[in-house]
Each structure stands twice: as structure tokens, then as C-alpha cells.
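Below: the structure, in C-alpha cells.
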Number of protein chains: 2
Amino acid sequence: MSTIYDVAKAAGVSPKTVSRVLNGDAPVKAETAKIVHAVIAELGYAPSSAARAMRSNKSGLIGLITGAISVDASQPDTTGLPDLFIVQGVQKAMETSGKTLLIADSGGRPDRVPGLMRTFEQHRVEGIIYVADHHRSVSLPPVSAQTRLVLANCYDDTGTPCILPHDRRGQEMLIADLIAKGHRRIAYLTLNAELDATRLRTQGYRDALSAAGISYDPELVIVAGIGTTDQDAEVQILWDAIDRILSLDVPPTVICFGNDQMAMRAYGILRSRGLNLPDDISVTGYDNYRTITQTLYPTLTSVELPYHAMGVRATQLLLRMIDDADDVPVAPVLVSGPVQSGQSVRTMPTPITKLTSIGRMTQ
Amino acid sequence: MSTIYDVAKAAGVSPKTVSRVLNGDAPVKAETAKIVHAVIAELGYAPSSAARAMRSNKSGLIGLITGAISVDASQPDTTGLPDLFIVQGVQKAMETSGKTLLIADSGGRPDRVPGLMRTFEQHRVEGIIYVADHHRSVSLPPVSAQTRLVLANCYDDTGTPCILPHDRRGQEMLIADLIAKGHRRIAYLTLNAELDATRLRTQGYRDALSAAGISYDPELVIVAGIGTTDQDAEVQILWDAIDRILSLDVPPTVICFGNDQMAMRAYGILRSRGLNLPDDISVTGYDNYRTITQTLYPTLTSVELPYHAMGVRATQLLLRMIDDADDVPVAPVLVSGPVQSGQSVRTMPTPITKLTSIGRMTQ
DNA sequence: GAGAGGTATGACATCGGTGTCATGACATCG
DNA sequence: CGATGTCATGACACCGATGTCATACCTCTC
């Protein structure tokens, strides 16, 4: 690769003048600039960012750590897909910043993270984004004082700035939507009870019921995920839970599942019991995993887990923090995703009295 | 961040001695080394790779370009997922190399690629991997002579080294597997006819038939993908194709679909026609998109699209090319994935004569 | 005991940019 | 017409590593 000296010599000027042409930080005669540009094009010269970084002490690099190849048991068959959407969001938001993204994968082994961070420090990254594969708490090694750090899809107990999915509101909006469609008996078959997502979404479920004046019935909420890679066991648990729900004295008109995959399995299970979707029973998922929600028949109502948006937000936050060291948020940034309506939810026939009153109201 | 001079001063030695301790390229008294290490730990010193890169002319960086956020119409709802598995493979294979991965996303716009390549050249990457979202031909801007380039999931007409999925053999193995399970009438509902994958897999389908002495019946092969984002249209095409296949005089015992999503849709369509899987009709997909194949009931037989392995191979190839500039493959590297057997394929009852003969053979 | 060879260390130049300062050629102004 | 200011450009140092060469000390050998 040619250097600025090669360009200078070929153009018959000093290296400094070439530098000025490149950076436009001082006046250069138009004719000189033209010659320099021609030489640059001819030689295919590109200024070395290593040399620039040394002089300016700014690398123009952002580091990103994922645990994508994670073997975390609680999300066995998504195998790290979700966090890749976050990475896409990060890339998208980085595009216009002029920074370049360094990426490293912990392979699901937390003990590797310090090494990756050290590599990033060697490259003098201006900031690091740590992406987790699902909403959870993490504990990271300390970084040098001038390296900014943002957590995406996770949080720690030292108050590091973080971007989290608004699980509570997501489930609340979904339930509110169901209530608006006339459902009153709403079952919720949750993921693994230990997950933050489960705790928060269950809270959101109760928020929505409470806002509509519907009393909470514990019989309608069952943990139906166990966090294992054993597919057969998962199916069994799900089958049992659905059995229990359907044999209640007053069965629900809709079953909400902890994620789209559970809902996808439920399609098969419910149909094998002779139930039609959504006429006999309505179903919802969570995550809006498009491959599932859009491809299933009928299309699945779900809640968007805003991974892409979280990546964008994390990046914007980090770039702001790099720009202004004091601009640090004090609380987690919660990002909501919309309810994605599919055809898996039936709008319940409304009692006459209500119908007429609604009819009047909308006129 | 502290420098090697800070360390040297604090340890009471010269910078060069610190360098020697770090690189172990010359003898250093054990006691001196101990002091230096202590100081390094205390200051949290990490050597600047920018400075190293300048001196050594080796950046230790590898560039990767994806088109992940691609809006390519032929794979509407996977939205760039597959190539992310390739990226995972690349990361995995890079782990032990000591190189660091620079990543950029073209956002599906080819006109951005030259700019991304220039950024990579500024960072003096030692090699570039270009990843496509599906098997196809590409045309990239030229790179500087000493930058190695490897294409993954795509090829060009200038003979750039490339890694491709072995679509032909994949489909062949699948069909051979079906034949081994006693199927003779095998339908194939393909993706969009313009795709390389369709052409190659159709060839593989014919290879397998031919190897088993089964004559090719064109009525059994229908293009059932159109390459649009219109989901309803896709479903309609698929529905029609299945109709045509099932109303043949001698209908097939198994239908192979162009990918797992088509197969997933077919589950619904076939069931709505009162057919049981796999008793009345067997079904296969392609891609082994685990979220689908493992979650569907019954689990779907598919062919692994070896994205992860392709990423690994691409990286290994690139690292070899960086190591030895002459070590360039002359032909595309084809990577096969195994047939992933699910419960969506029925083993056909074998005629008595054959059964006994097989029984004898295996004893 | 002088020279040879090994060990441990430091001085200095260099990689490719850019910040600082200096300089020469003009134009403008009082 | 000399002083001042602007434009255009170049010389030089510096960022943080490391390769080259030099040096001081020690041990071994003839």
C-alpha cells in the first residue's frame, strides 16, 4: 500500500499538503488539489488509520461482544439468533458515524470475555457494546476509565448504562389488545420461571387485567418452560399445561404462550385435540419471530421483541457517551416493541348491550 | 491509556526492555521481567496495536462484509438470517488465530460495498471475507494486490476463491435417503427457478433418481417459489402446486420442498386436506432451519445448509492465503451438509421379496 | 591473561500520518 | 511605499511500538 509520501512525491508537493487536501483543514490551491487527487486515485492510496490513530489518539473503532454461539440452556433452539438482530441494529446505527465495528464472540464462555476486552483495549476502541442473548443480568470485568461501555439485553449491579426490552409493557399491551377484542378468560403459559422476562411479563399480564378490572386467576397462569435442550421434555410439559388449562371449569378463550416456538408447538397440540384456530381457541406468542409468525397458518399474533431497535439505541447511546463523557443515563433504557396482530386471535362476539353502545360511540 | 514509556519509567528500565518482556524475543533477566509484569498489571497497560501495526505493517485485522439487512426479494422473510450463521462460523474459526474481526454491513445496497472496502483498506486489513445471503453470483470492486479476498456463499466470474454450499449433492443425498426408505414417486416443489440453488438441487434430484434406476417424471417437479415478499401470493402458488401434485394419476408418496418454510406451510395445507403426516404423505424441507425442523410436529426431515461450516472454511482458507500468498484454490470449495432426519418421512412397507433379500444381506 | 562468546540492556531510527511553526508570495491599506 | 494580513506551502517533531546496532558485563577457553 502506498503512503502519503509516495503521493507527495508523485504530485510534487510535501506530505503535509497531501494531508491538507485529504482533510481540508487548510486552504490548498485548486490546481494543486486536483493533481493530488489524481495521484491518489492512480495509486489507489488510502490513508493509514493506524498512523492517524497514533497521532490523534482516536481509533475510530467500536468493539462489540456477543455470546452468540451460546449454549445457554434456556433458549435451546434459537441458538443465539436473537442477539444477532441486535448486532444488525448496531451496524445499522453505526453506518453514518464513520466508526468501524470490531466484533468478537465469547462463544458462550464468560471466562473469555476479559481476553476479548483486552484485545479491544489494544485496538484502543472508543467504546464497547456487550450484547447478551436474552434479557438477563451479567457481571463484566472492569474496563479502562476512558472506554465507554453499554450493555444491550442485559444489566449489571454496578449501574453500567444498559438497553433492555420492555417485557412488562409488551405483555401488558398484548393482554390489553386481547381484552379489547372481547377476551376475558386469558391463560398465560410462561417460559422458565427464573427468567427476568417471565417475571416482568407476568407482571405486565397482571397490569393489563387490573387496568380492565378483571380479577387475576392463578389457575390461568402456568410455567410451561423448563429451560432445557430436551425437546421431548419441553413438548411434554407444554402438552400437560395445555391439558390442565383446557380442563378448567371455565376454560380460557385465548392462550398466551411465552414465545413463538411454544405457540407453534401449541398449534399442533391444539389441532390434534380437534380444536380449530382461532374459532375454538385463540393463541398468541411472543418475540414476533417472523419466520414463525408470518409462516404459520393462521398467522400468529405476537409481541415484537425490539432487538433491532435495541441495537440502534445502544449504539446511539454509546456514540453520545463517546462524544460527551458526562452524558450517561442513570436508569436502564427500556425499549418497547409493538403487538403484531395475526389471525390467531378471534374477536369475540360482543353482548348486544355493549354492541349497540359501541355502535353509537363510533358514529 | 498508558504507554510502553510509562511502563519503562515506572519499572526503571528502557522501553525496549519492556518490549522484550512482552514479546519474549530476547533474553531478559527473570527479576527484571517480574518487575515489568508487575508494573504492567498495575497500570493496566495494553500495547497499542496501532503502533505495532505501523511498525510491522501487519494490522492483525480481518474484514468481513455482509449484506445482512438485505432486501433481496427471493428470500423475503428470512431477512438475512442465514448469512449470520456464516458470520458465526467465521468468528469461531478466527478465535485461535489472534486476528480481530472488522465487520461491515452493506445494508443490501451493492453500491455501498466499495466504500466499505475502502474503510477496510484504511485499516489495512490483511484479508476480506464477503458473505452473501444466498448462493449467488456477485461482482465486487477490485481490492489492492496484497489484500486477500474470499467469497462465502457466492462466486464471481474472475475466479476469486470462494466457498459454496454443495446444493447438488445435498438434494441428491436427501433423495437417495428417501429412496432407501422405499419411496419411488418423489415430488419436488422447488424455489424460484432463477436461483442457483434450484438449478443445482434439481440436478441432484435427478442424479439420485438416475443412480437408483428410477426414470425422471417432469410432472413431479414444479417451481413453487416466485421470489416475492407477498406472503399470500406465495401461499397461493404453493397451494396450487400441491393440488396439481396430489391430483396426478399416480400421486407421490413424498413431497420435497425447496426450503423449510415451504414445508412448514405445506404442513397446514396438507392437513387442511385431511392428510396425516407422515402416514398419508411424507414431507421434506431444505436448510435445516432448526427453529422450524425441530419445533414442527412431526419434526421435519431436511438437509443442513452448512452455513456455519462454510464460515469456518472461508476463514481457514483466508488465513492460509494470508500466510502463503500462493496457496490459492483454483476451484470453488463445495461444502456439504448432512441430511437431518425427522419424523416427517415414512419408511414405506417393503415388498416381501425385497424384504427377505435385504434381510439376508444384512446378516 | 587476552580474546572469544554469551547475556542483558539501552540508544536511536523508523513506520505514516498530522500539529506547530516558519516562510515566501501577493494583496490591501493608511 | 512600508506595514499588515492572507494564502499556499514546507520543515520538523511527535504519537508508541520495535528492528538494528552498540555496549557493558560475565564466563569460558587456550
Side-chain angles (χ1 to χ4, degrees), chain A residues 1-37 39-40 43-61 98 100 118-119 121-126 144 146, chain B residues 1-37 39-40 43-61 98 100 118-119 121-126 144 146:
Chain A
M1 176 64 73
S2 45
T3 74
I4 201 170
Y5 296 95
D6 301 330
V7 175
K9 190 180 292 183
V13 297
S14 76
K16 182 68 216 190
T17 296
V18 177
S19 172
R20 283 192 264 256
V21 171
L22 285 170
N23 298 290
D25 54 354
V28 174
K29 218 201 291 183
E31 198 192 351
T32 310
K34 208 176 113 191
I35 296 173
V36 169
H37 275 128
V39 171
I40 288 175
L43 295 182
Y45 165 75
S48 152
S49 35
R52 278 187 167 157
M54 256 184 80
R55 197 67 178 75
S56 68
N57 221 15
K58 278 182 191 164
S59 64
L61 296 172
T100 308
R118 240 172 42 88
T119 302
E121 299 222 309
Q122 291 189 0
H123 285 283
R124 301 290 189 270
V125 295
E126 298 173 30
S144 87
Q146 70 270 29
Chain B
M1 176 64 72
S2 46
T3 73
I4 200 169
Y5 296 96
D6 302 330
V7 176
K9 191 180 290 182
V13 297
S14 75
K16 182 68 214 188
T17 296
V18 177
S19 171
R20 283 192 265 256
V21 170
L22 286 170
N23 299 290
D25 54 354
V28 174
K29 220 201 291 183
E31 196 193 351
T32 310
K34 207 176 115 191
I35 297 173
V36 170
H37 275 128
V39 171
I40 287 175
L43 295 183
Y45 164 75
S48 153
S49 34
R52 276 187 167 160
M54 252 183 83
R55 197 68 180 73
S56 68
N57 221 14
K58 279 182 191 165
S59 63
L61 295 173
T100 308
R118 241 171 42 88
T119 302
E121 299 223 310
Q122 292 189 1
H123 285 283
R124 301 292 188 266
V125 296
E126 298 173 28
S144 87
Q146 69 270 30

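Letters go in sequence order (proteins before strands), and every chain restarts at 1. Predicted model only: the values in this text are computed from it and were never measured. Note: hydrogens, waters and symmetry copies are ignored here, and every other heavy atom, side chains too, is used.
Checked against side chain to side chain donor-acceptor pair (under 3.5 Å), B/E126 has the following partners two or more places apart in sequence or in another chain: B/K99. Remark: A/T119 pairs with no residue by the side chain to side chain donor-acceptor pair (under 3.5 Å) rule, at least two apart or across chains. For A/E121, there are no salt bridge (Lys or Arg N to Asp or Glu O under 4.0 Å) partners at least two apart in sequence or on another chain. Residues passing the side chain to side chain donor-acceptor pair (under 3.5 Å) test with B/T100, sequence neighbours excluded: A/H123. The side-chain contact (heavy atoms from CB on, under 4.5 Å) test applied to A/A53 returns B/A50, not counting sequence neighbours. Judged as a side-chain contact (heavy atoms from CB on, under 4.5 Å), and not counting sequence neighbours, the contacts of A/D6 are A/S2, A/T3, A/L43. Here B/T17 pairs with B/S14 under the side chain to side chain donor-acceptor pair (under 3.5 Å) rule; sequence neighbours left out. For B/A11, the side-chain contact (heavy atoms from CB on, under 4.5 Å) criterion is met by B/V13, B/I35, B/V36, B/V39, not counting sequence neighbours. Every side-chain contact (heavy atoms from CB on, under 4.5 Å) that B/D25 has, sequence neighbours left out, goes to B/R20, B/N23.
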Distances under 3.5 Å only, N/O to N/O: pair up the protein atoms with those of nucleotides 12-15 of chain D.
unit_1	atom_1	unit_2	atom_2	d
D/dC14	O2	A/R55	NE	3.0

Atom pairs, N/O to N/O, protein against nucleotides 21-28 of chain C, distance under 3.5 Å?
none

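Between the NZ atom of B/K58 and the C1' atom of C/dC15 there is a distance of 15 Å, given to the nearest Å. Whole-Å rounding puts the B/D6 CG to D/dA17 C1' distance at 13 Å. The CD-C1' distance, from A/Q122 to D/dG16, rounds to 13 Å in whole Å. Atom NZ in B/K29 sits roughly 14 Å away from atom C1' in C/dG10 (whole-Å rounding). B/D25 has its CG atom 13 Å from the P atom of C/dT9, to the nearest Å. To the nearest angstrom, P of D/dA17 lies 10 Å from CD1 of B/I40. Here the P atom of nucleotide D/dG16 and the CD atom of A/E121 are 15 Å apart, to the nearest Å. The nearest whole Å value for the distance from the CG atom in A/N23 to the C1' atom in C/dG16 is 13 Å.
The minimum heavy-atom distance between A/P15 and A/A8, with the atom names listed, is N-CB, 3.5 Å. In plain terms, the two heavy atoms of B/V125 and B/S59 that are nearest each other are CA-OG, 3.8 Å.
Put simply, B/T17 has a side-chain N or O that comes within less than 4.0 Å of OP1 or OP2 on C/dG10. Taking 4.0 angstrom as the limit, B/S19 places a side-chain polar atom (N or O) nearer than this to OP1 or OP2 of D/dT18. One finds no side-chain N or O of B/R52 lying less than 4.0 angstrom from the OP1 or OP2 phosphate oxygen of C/dG16. Put simply, B/S48 has no side-chain N or O that comes within less than 4.0 Å of OP1 or OP2 on D/dG16.
As judged by a 4.0 angstrom heavy-atom cut-off over every strand, B/V13 is placed among residues touching the sugar-phosphate backbone only. In this structure, B/T32 reaches the sugar-phosphate backbone alone: every heavy-atom distance under 4.0 Å involves primed, P, OP1 or OP2 atoms, never a base.
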### Task
Might you work through the side-chain contact (heavy atoms from CB on, under 4.5 Å) test for A/R124 and B/S48, ending with a clear yes or no?
CA-CA 7 Å; A/R124 301 290 189 270; B/S48 153; 3.6 Å; yes
#### Entry: Dot-bracket pairing map - DNA chain C, Watson-Crick plus G-U, both contacts under 3.5 Å, | cross-strand
||||||||||||||||||||||||||||||
